[in-house]
Amino acid sequence: MPRKARAAASDAREDIMSAAALSTMSAGVVSAMGAVGAAVIKMHKEAMEKKPDWFWHLFAKCEAKAARIAEQAAHGPQACGDATFIEDYARQLPKLMASALEAREKALKTK
């Protein structure tokens, strides 16, 4: 990953979760979030290469939304904490990113 792209990804992660929030998570959860993010980036490498600044902005928004959804699920009555968080995060992030890219392509075609 190019240095600029890696820096943007780090900044995006810091934007969606404060240092205090990250410190309360286990190292496994933070590592899994990184792995999920890397997989999503690989899935949409073409879009990233076309418009990198736009892609990282969109990725940060999708990552934030996935984290919010997963956090809510992790506090449910049948939840198992970190396991539920990463399970929901891994399920939501690819869906959110794919739908956001699809919506963008559709909007560009109508112009």
Side-chain angles (χ1 to χ4, degrees):
M1 184 183 293
R3 181 179 293 169
K4 184 177 179 183
R6 192 174 305 127
S10 296
D11 290 345
R13 175 149 297 116
E14 289 171 13
D15 287 346
I16 66 161
M17 300 188 100
S18 67
L22 283 173
S23 69
T24 63
M25 299 176 128
S26 68
V29 169
V30 175
S31 176
M33 286 176 70
V36 170
V40 169
I41 292 166
K42 274 187 176 180
M43 287 171 45
H44 302 291
K45 191 172 185 172
E46 185 180 315
M48 181 182 70
E49 290 172 353
K50 284 182 183 177
K51 293 263 199 179
D53 292 336
W54 176 85
F55 179 85
W56 289 113
H57 173 74
L58 182 64
F59 181 76
K61 285 183 168 269
C62 291
E63 196 174 35
K65 187 169 186 177
R68 283 192 304 272
I69 292 168
E71 183 66 28
Q72 290 172 353
H75 291 295
Q78 301 295 325
C80 294
D82 287 351
T84 302
F85 179 90
I86 197 57
E87 183 181 320
D88 275 23
Y89 182 82
R91 188 178 320 123
Q92 294 298 323
L93 185 58
K95 287 180 189 177
L96 290 168
M97 194 66 184
S99 66
L101 289 171
E102 197 175 296
R104 180 180 185 270
E105 290 300 318
K106 186 176 178 182
L108 290 175
K109 286 181 182 178
T110 59
K111 285 186 177 183

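The first residue of the sequence shown is numbered 1, and numbering continues consecutively from there.
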note = Scanning both residues in full, the closest heavy-atom pair of Pro94 with Ala90 reads CD-O, 3.1 Å

query = Met43, Ile41: one ILVMFWY side-chain cluster at the under-4.5 Å cut-off?
reply = no

task = Take Tyr89 and Glu63, measure what side chain to side chain donor-acceptor pair (under 3.5 Å) needs, and give me the verdict at the end.
result = CA-CA 8 Å; Tyr89 182 82; Glu63 196 174 35; 3.0 Å; yes

Given Lys45, Met97, Glu49, the one that forms side-chain contact (heavy atoms from CB on, under 4.5 Å) with Phe55 = Met97

key: Residues which pass side chain to side chain contact (heavy atoms under 4.5 Å, CB included) with Ala74, listed by chain and number, not counting sequence neighbours   = Phe85

Residues in side chain to side chain contact (heavy atoms under 4.5 Å, CB included) contact with Ala32, at least two apart in sequence or another chain = Ile86

Partners passing side chain to side chain contact (heavy atoms under 4.5 Å, CB included) against Lys50 (at least two apart in sequence or in another chain) = Glu46

message = Holding to side-chain hydrogen bond (donor to acceptor under 3.5 Å, both in side chains), I want the full list of residues that pass it with Glu87, two or more places apart in sequence or in another chain.
response = Arg91

message = Once side chain to side chain contact (heavy atoms under 4.5 Å, CB included) is applied, do any residues pair with Leu96, and if so which ones, sequence neighbours excluded?
response = Cys62, Lys65, Ala66, Gln92

task = Indicate the atoms forming the closest heavy-atom contact of Leu58 with Ala100, along with that distance.
result = CD1-CB, 3.5 Å

task = Mind listing the closest non-hydrogen atom pair of Ala73 and Asp88 along with its distance?
result = CB-OD2, 2.8 Å

request  = Run the numbers on Met33 and Val29 for side chain to side chain contact (heavy atoms under 4.5 Å, CB included), then give the verdict.
outcome  = CA-CA 6 Å; Met33 286 176 70; Val29 169; 4.3 Å; yes

task = For residues 94-105, pull every pair meeting salt bridge (Lys or Arg N to Asp or Glu O under 4.0 Å), keeping only residues two or more places apart or in separate chains.
result = none

